[in-house]
Amino acid sequence: MPYRYDARLAEVIEAKWQEKWRREGTYHTDNPSGDLSSSDGAAIDLPKLFVMDMFPYPSGAGLHVGHPLGYIGTDVFARFKRMTGHNVLHTMGYDAFGLPAEEHARQTGEHPRKNTENNIANMQRQLDRLGLGHDQRRSIATTDVEFYRWTQWIFLQIFNSWYDVESDRARHIDELQLLFEEGNRKTIDGRLWEEMTESDHRKELSQWRLAYLGEAPVNWCPGLGTVLANEEVTNEGRSERGNHPVFKRPMKQWMMKITAYADRLLSDLDRLDWTESVKTMQRNWIGRSEGALVSFDLAINEKITVFTTRPDTLFGATAMVLAPEHDLIDRLVATDWPSGTPELWKNKCASPAEAVASYQQQAAEHSELERQENKEKTGVYLGSNCVNPVNGESLPIFIADYVLMGYGTGAVMSVPGQDQRDWDFAKKYEIGIVRTVQPPESFDGEAYTGDGPAINSGFLDGLEISEAKTQIREWLEANGCGERTVTYKLRDWLFSRQRYWGEPFPIVYDESGIPIAVPEEQLPVELPDLIDWAPRHLDEESDPEPPLGRASEWTTATYDIGDGLGERQFQRELNTMPQWAGSCWYYLRYLDPTNDERFVDEKVERYWMSDDDGGVGGVDLYVGGVEHAVLHLLYSRFWHKVLFDLGHVSGPEPFQRLFNQGYIQAAAFQDSRGVYVEAEEVEENDGVHTFEGQQVTRLFGKMGKSLKNSVTPDDMYAAYGADTLRLYEMFMGPLDQDRPWETKSVVGSHRLLQRVWRNLVDESSGDLRVADVDPDEDLKRLMHRTIESVGDAMAELRFNSAIARITELNNELTRSNEPVPREVADSLVRLLSPLTPHVAEELWELLGQKTSVVKASFPVADKNFLVEDSIEIPIQINGKVRSRLTVAADTDATALEAMALADEKIAALVNGKTIRKVISIPGRMVNLVVS
RNA sequence: GUCGGAGUGGCGGAAUUGGCAGACGCGCUAGACUAAGGAUCUAGUGCCCGUUACGGGUGUGGGGGUUCAAGUCCCCCCUCCGACACCA
């Protein structure tokens, strides 16, 4: 059978069409203007659709079948939308800066650029084999100089901006300077602009910029030789990449003022078509919390300010607790224990100073993880007290490691009656407990956090929580000892890395050490071609050493920065940007990749990114894994909002609709020692798995080398072809679900294609065997029903259902064993083409079509064939199906009821009983309630 | 612990507004074709009972409820997956 559809024939067909598509630019998408616009411009008038995958890091390890799941999904969707009359933009790029290439370079001595380019070429080749319909003219890599030039340009936009709280948006820094000059805005320390020196001016502006050099406790990871963002550090206090220890240390680093956008990042989530889980993760990460700041008087001329969400419980405060790192501690430690200090509070120490010092040391030595694991509350008394503003009571001040320096003010008022942590602490140290909310009688717990009337609270007594909060807030504000406030868990984004393989900052310094922007027209600042690029392994005590510092010629640069002083020499910033930088905006570059005037043309951006129906705009469908729920998606939204505020993009959000594809899991097998064995060589018999005769245990996990359970696309191409792999991956289940890979099931998808092929093509001659006859009535109805449901399913990304419907139609064609009517063959091929484009193109050509099926229209169901003349109606008695009637589709309820009662079986069953009720739904069913 | 998502045959999974549960596929069983079959084709396949055609019961994690009718709606519970986790 030389023309049987098998792996060999599939490969011939696939190679043929991939070559043709490439040659003819089949997947090129028109822009409204610029290099990528076309002369006819016809496509531009169609509704636009921007479909995108989260672009991959070009790993050297090669693909396994789990990787392309989302890419196939977007490809099918994009093809479907093209066929339904949309101008679809779909391409792919590479997130190619980052640690792995550098780590690889360190091991092999190969330059990161070389390694990266090899990996990209390799990965591109593997993806090409899948027949993805990408516009490859638009492909970018973040490491391209022409790309990172614009990454640097965007950095400068951020650097040259400040957040105007009054208008709630970012504005150019020059506008702030103008406000200062006119005296319309106060400087941070209140000095007048004209009384400040030139250097003071620059320092002042630096403090307002959205990208600034900040001295803050940062995550120093000596193992990677760089500092890391909070988001890149695990709960165990290790680096997400490489699992190296991370230490908190104050250092001067580049920060981005993402906190200025906290509220907008939060509230705009409501306008996005994203999964609830990702929105929730972002909300949690932003961690907005409304409450009040309350100050407590001290013996010294200072106040302790606490943040609390429960100012209504102020009367119940019985202690003050500070984080061990709190900066007031030194000044609050008493010389001696006050008389009557309980032994419990002293931690066996002779003086408060000794107790505090040893506790602080102990806290510092414990990692975050140890502090978390140790849920037992501990602390020591400082030997001094503060005053509760609301009732003048003296509260002992403790330090305790359950209070975190990084949240709120690093100090809490301890209210054991209404907070379980405070309750635990109070119990352990025998501190008083005062309930200020009346628990219900049934309550038998410890701290009570529910609602109820205030008690023991003076003027608040009897008020419910929310009213009590309002009253106490007014009281605090009137008495000058508190104010309403909002805190966030979100911190500013640490943006510098001490690595080689990243975008250089377009920043230089003069003698003052205040950052200066490299003039825009001087971009890009290219990476030097370092020989010794690898970061050194350092220890906790050492300082980061940016590798760029070793490029001695590069570290200085001559620029005219436009300050009237002409060309001068400057020192370059030696840090590089984090890997997230490129992915913050790559989607915009897809739109206009060849533009060397702007990062994206305004008209082009508006065409692809704005929503005519009043939505937030952005990418119409963004598909990727849920692991980027916080990092990439939050950073990207932040950058987009800055660009929006500055007028560079048309909408406030980058990604209108986000879809998280599931992961392909695979069975992995462990022998009795717990060692993984080659999954491919495990045999199964009646549910028992054996490897080389030994029984092994099965589990499921991510595909990969470590579990020895990888299946590569190449294996599948060899056995079945790319179309079968595409079809199987889409058939396995809904796109957003994790699913286990089963190589043995792939044959099912192959059979479908084989049967389709056999129904249309003679396997021995290769000739088309369709008939130029009209399909009979039943087949015609089935065809239109199929068209309708396949179209619906594809529009909703339910490809598994679409395939099921196509299979049903094809099964019918197989059963009939007649030459397929041309009309049916034509529809079938078009229905299949988004899923399996190669075999569809081949069949399309055999059907005599001269233009690509990619450009064909998706079939449209004729509604006349969707309504049946006669339908089968179930007749139930007491909800159980007892008979069926075939009736005209438009039989009304009364007639249906009469026919049901006349039915032989029903009459027999009803005989002698009373019919209580008859429910007759035309077109659906009849139910008789009988007793 | 809190939040988010999900529990349907041996397996992956289908089921419009509540209206015939198990579409489609894998696997399995039987048969056809074959030198052979881990290819291909045909038929059957939720479970239990009965067996003569046929039938009867039961069934969507568990329990309760609403309804003529519940996988779907409401309440309680259990399990699994994911995120966050002393956030004051």
Side-chain angles (χ1 to χ4, degrees), chain A residues 1 4 6 235 275-285 287-289 291 306-311 313 321 323 371-377 400-404 406-415 418-422 424-425 487-489 626-627 629-630 660 662 684 686-687 727-728 731-734 736-752 754-755 758 763 789 792-793 798 800-808 810-811 814-815 817 872-882 884 916-921 923-930:
Chain A
M1 292 290 180
R4 162 165 291 188
D6 54 15
N235 289 329
T275 58
E276 237 0 88
S277 70
V278 172
K279 286 192 194 184
T280 304
M281 283 188 242
Q282 293 220 342
R283 289 190 188 109
N284 290 343
W285 189 263
R288 183 190 150 97
S289 171
V306 303
F307 171 74
T308 177
T309 55
R310 294 293 305 275
T313 64
V321 190
R371 266 166 85 152
Q372 269 170 36
E373 275 175 351
N374 184 16
K375 296 269 172 174
E376 173 98 0
K377 301 282 179 288
D401 67 3
Y402 80 92
V403 176
L404 308 174
Y407 186 75
T409 60
V412 302
M413 60 180 202
S414 177
V415 187
Q418 276 77 231
D419 184 292
Q420 189 60 41
R421 293 156 300 175
D422 294 341
D424 295 341
F425 190 68
T487 62
Y488 300 89
K489 215 179 83 176
V626 74
E627 75 272 16
V630 179
N660 295 118
E684 195 217 307
D686 289 331
L727 191 64
Y728 174 66
F731 183 63
M732 288 167 82
D736 56 351
Q737 230 167 74
D738 292 347
R739 74 278 313 264
W741 177 265
E742 264 192 343
T743 296
K744 69 171 187 192
S745 295
V746 181
V747 68
S749 296
H750 189 63
R751 277 180 199 143
L752 171 60
Q754 205 164 49
R755 287 171 196 165
R758 187 159 41 232
E763 287 187 331
S789 42
D792 287 352
R798 294 184 295 114
N800 53 331
S801 293
I803 295 165
R805 299 290 86 78
I806 292 172
T807 308
E808 282 173 331
N810 190 61
N811 284 350
T814 306
R815 245 188 308 276
N817 203 26
E872 200 184 55
I873 295 284
I875 313 299
Q876 302 178 338
I877 293 179
N878 295 337
K880 290 200 169 85
V881 181
R882 296 301 178 183
R884 290 167 199 283
R916 304 282 171 194
K917 196 170 179 181
V918 180
I919 295 94
S920 177
I921 315 281
R924 288 268 181 219
M925 42 71 71
V926 178
N927 190 11
L928 307 173
V929 186
V930 164

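Per chain, numbering begins at 1; letters A, B, ... match sequence-line order.
As rounded to the nearest Å, B:G61 and B:G25 have C1' atoms that lie 25 Å from one another. Nucleotides B:U51 and B:U40 place their P atoms 39 Å apart, quoted to the nearest Å. Remark: the separation of the P atoms in B:A23 and B:A15 is 12 Å, to the nearest Å. Distance check on atom P: B:G65 versus B:A70 gives 13 Å, rounded to whole Å. With both ends at atom C1', the span from B:G46 to B:U52 equals 25 Å, rounded to whole Å. With P as the reference atom, B:G56 and B:C3 are 48 Å apart, rounded to whole Å. B:U66 sits 33 Å from B:G55 when the C1' atoms are compared, rounded to a whole Å. Taking atom P in both B:C78 and B:G63, one finds a spacing of 15 Å when rounded to whole Å.
No N or O donor and acceptor, one from the side chain of A:Arg310 and one from the base of B:A88, sit under 3.5 Å apart.
Close to B:A88, at under 4.0 Å from its OP1 or OP2, lies a side-chain N or O of A:Ser289. An OP1 or OP2 oxygen of B:A15 is reached within less than 4.0 angstrom by a side-chain nitrogen or oxygen of A:Arg798. The shortest distance between the side-chain N/O atoms of A:Arg882 and the OP1/OP2 oxygens of B:G56 is below 4.0 Å. OP1 or OP2 of B:G25 sits under 4.0 Å from a side-chain N or O of A:Asn811. Of the side-chain N and O atoms in A:Lys744, none sit less than 4.0 angstrom from OP1 or OP2 of B:C26.
Regarding the sugar-base torsion, B:G9 falls in the syn class, its angle being within 90° of 0.
If you check B:G9 for Watson-Crick or wobble pairing at under 3.5 angstrom, you find it has no partner at all. Nucleotide B:C86 has no partner under the Watson-Crick or G-U criteria, as no pair reaches both atom distances under 3.5 Å. In this structure, B:G71 makes no Watson-Crick or G-U wobble pair, since no nucleotide meets both defining distances under 3.5 angstrom. Checking B:A21 for Watson-Crick or G-U wobble geometry (two distances, each under 3.5 Å) identifies no partner in any strand. Remark: B:U45 base-pairs with B:G27. Criterion, Watson-Crick or G-U wobble with two distances under 3.5 Å. Pairing for B:C33 is absent, with no Watson-Crick or G-U wobble pair whose two atom distances lie under 3.5 Å. B:A15: no Watson-Crick or G-U partner with both key distances under 3.5 Å is found in any strand.
Along RNA chain B, the nucleotide nearest to A:Arg751 and the one nearest to A:Asp419 differ in position, and the one closer to the 5' end is contacted by A:Arg751. If you find the closest nucleotide of RNA chain B to A:Ile921 and to A:Asn927, the one lying nearer the 5' end belongs to A:Ile921.
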**Request:** Using the side-chain contact (heavy atoms from CB on, under 4.5 Å) rule, take A:Arg283 and A:Thr280 through it: C-alpha gap first, then chi angles, then the decisive distance, then the call.
**Result:** CA-CA 5 Å; A:Arg283 289 190 188 109; A:Thr280 304; 4.3 Å; yes

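Between A:Val415 and A:Asp422, the shortest heavy-atom distance links the atoms N-OD2, 2.9 Å. Nearest heavy atom pair, residue A:Gln282 against residue A:Ala629, reads NE2-O, 2.8 Å.
By the 30° and 60° cut-offs, the orientation of the rings of A:Tyr402 relative to A:Phe425 is tilted.
When the nucleotides B:C20, B:U42, B:C24 are ranked by their closest atom to the side chain of A:Pro874, B:C20 comes out on top. Considering only the side chain of A:Gln737, B:G13 comes nearest among B:G13, B:U40, B:G4.
Side-chain N or O atoms of A:Arg421 include none that pairs as donor or acceptor with a backbone N or O of A:Asp419 at under 3.5 Å.
Salt bridge absent: A:Asp6 and A:Arg4 never bring a charged side-chain N and a carboxylate O closer than 4.0 Å.
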